[in-house]
Amino acid sequence: IILFIGLIKKIYFAGTLSEFVDIGHQNISELKFLSSWLLTLCFTFQIYFDFSGYVDMATGSALMFNIVLPQNFNSPLKATSIIDFWQRWHITLTQFLNNFIYNPLLRSFKNINFLNSMIVTFFVFLIAGIWHGPSWNFILFGTFHGLGLIINHIYKKYLNFNLSKYVFWFLTFNFINISFVFFRTKESENIIIILKKMFDINFFLNDYFLIDKFFI
């Protein structure tokens, strides 16, 4: 059953979404406000279904030989913080980074304090970015998540406002969605184009008027 679920995720959902993502990245200059957001959302779900799909396939195949692999995903897109996300997404990688890089580096400091732990956190996620591939877009991906985790820890330590979990989920999901722009787009100029179109009010107004004109 687990193997079958993984096949559906990988072939049907990820495979279908990848077609839209590829078309979008082949026509980046033609993206508008709505289409740029749609492109990034498609890739966010593509990478989730692709990654969790083949993990399910590996888990199911291993169980057929009575081998129990560790859990690697725990509904990561339900995360309500960046800290929570990395406790749910690619759990085995997070544990590896924690056990073999974060903890040894932190123990190397004479004084273990909040500042030192944040410095180590940032460095670890630079390594995590490079782990995905020797490319600037992966370094930017790791840097973005490293900064996100630092902000998240600062918030928990010094602010910690009591807001709705849905607000935290919305902020976290959009952070993750934006971070995957760096993961998917290798050319730095294309990263800038996509981000500008995602947050440019002029593109939003153009899309709005086009939709309005279409329905009228």
Side-chain angles (χ1 to χ4, degrees), residues 14 17 20-21 24-25 28 31 33-52 72-91 93-95 97-98 102 114 117-133 135-188 190-201 203-204:
L17 287 167
F20 290 99
V21 172
H25 278 272
I28 286 178
L31 292 174
F33 177 84
L34 293 177
S35 54
S36 62
W37 276 98
L38 183 60
L39 173 63
T40 59
L41 288 169
C42 282
F43 181 69
T44 293
F45 285 100
Q46 177 200 335
I47 193 171
Y48 168 71
F49 285 121
D50 186 80
F51 199 178
S52 66
N72 212 22
F73 285 89
N74 183 21
S75 301
L77 299 183
K78 293 181 181 179
T80 54
S81 70
I82 309 304
I83 297 170
D84 186 29
F85 175 78
W86 282 102
Q87 292 171 346
R88 294 166 174 265
W89 174 277
H90 206 340
I91 298 170
L93 174 62
T94 304
Q95 291 173 342
L97 294 172
N98 188 60
Y102 178 84
F114 182 74
S117 68
M118 292 302 97
I119 292 171
V120 173
T121 297
F122 184 77
F123 177 75
V124 165
F125 272 84
L126 275 180
I127 299 298
I130 296 170
W131 179 87
H132 287 91
S135 176
W136 278 110
N137 65 307
F138 292 125
I139 294 173
L140 289 171
F141 174 78
T143 300
F144 194 68
H145 274 273
L147 292 173
L149 281 164
I150 290 171
I151 293 169
N152 198 170
H153 280 291
I154 291 172
Y155 169 81
K156 286 187 67 177
K157 185 174 178 65
Y158 296 108
L159 301 173
N160 205 20
F161 298 125
N162 188 20
L163 300 176
S164 169
K165 67 177 182 179
Y166 298 106
V167 173
F168 290 123
W169 170 82
F170 179 80
L171 294 172
T172 302
F173 180 83
N174 280 284
F175 180 93
I176 300 304
N177 185 57
I178 292 167
S179 76
F180 281 133
V181 173
F182 301 107
F183 195 94
R184 174 61 175 80
T185 314
K186 293 185 178 181
E187 297 80 9
S188 57
N190 287 340
I191 292 173
I192 294 169
I193 290 171
I194 293 172
L195 292 177
K196 283 181 66 176
K197 292 187 177 183
M198 289 174 72
F199 294 99
D200 192 332
I201 189 64
F203 282 101
F204 171 75

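Note that the numbering runs from 1 along the sequence shown for the chain. Just so it is clear, the structure is predicted and the values come from calculations on it, not from any experiment.
Here the closest non-hydrogen pair linking Asp84 and Thr80 is OD2-N, 3.1 Å. Scanning all heavy atoms of the two residues, the minimum distance from Ile83 to His153 falls at CD1-CE1, 3.4 Å. The two atoms that bring Val21 and Gln46 nearest to each other are CG2-OE1, 3.3 Å, heavy atoms only. Scanning all heavy atoms of the two residues, the minimum distance from His145 to Phe85 falls at CE1-CE2, 4.1 Å. Taking all atoms of both residues into account, the shortest heavy-atom contact from Leu163 to Phe168 is O-CE1, 3.4 Å.
Ring centroid separation for the pair Phe175 and Phe144 comes in under the 6.0 Å cut-off. Checked against the 6.0 Å centroid threshold, Phe125 and Trp86 count as a close aromatic pair. Ring to ring, Phe123 and Tyr102 are not that close: their centroids are 6.0 angstrom or more apart.
The aromatic rings of Phe180 and Phe183 sit perpendicular to each other, their planes meeting at more than 60°, with 30° as the lower class boundary. Ring geometry for His132 against His90 counts as perpendicular: the plane angle is over 60°, on a 0 to 90° scale with 30° as the lower cut.
In terms of modelled atom types and a separation under 3.5 Å, the side chain of Thr185 and the main chain of Val181 share a donor-acceptor contact. No donor-acceptor pair under 3.5 Å is formed between the side chain of Asp50 and the backbone N or O of Ala14. When atom types are taken as modelled, the side chain of Ser179 and the backbone of Phe141 share no donor-acceptor pair closer than 3.5 angstrom.
Met198 places a side-chain heavy atom less than 4.5 Å from the side chain of Ile178.
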Do Thr44 and Asn177 pass the side-chain hydrogen bond (donor to acceptor under 3.5 Å, both in side chains) test, and can you show the C-alpha distance, the side-chain angles, and the key distance before you say yes or no?
CA-CA 6 Å; Thr44 293; Asn177 185 57; 2.6 Å; yes
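In this structure, Lys157 forms a cation-pi arrangement with Phe114, its terminal cationic atom sitting closer than 6.0 Å to the ring centre and no more than 45° off the ring axis.
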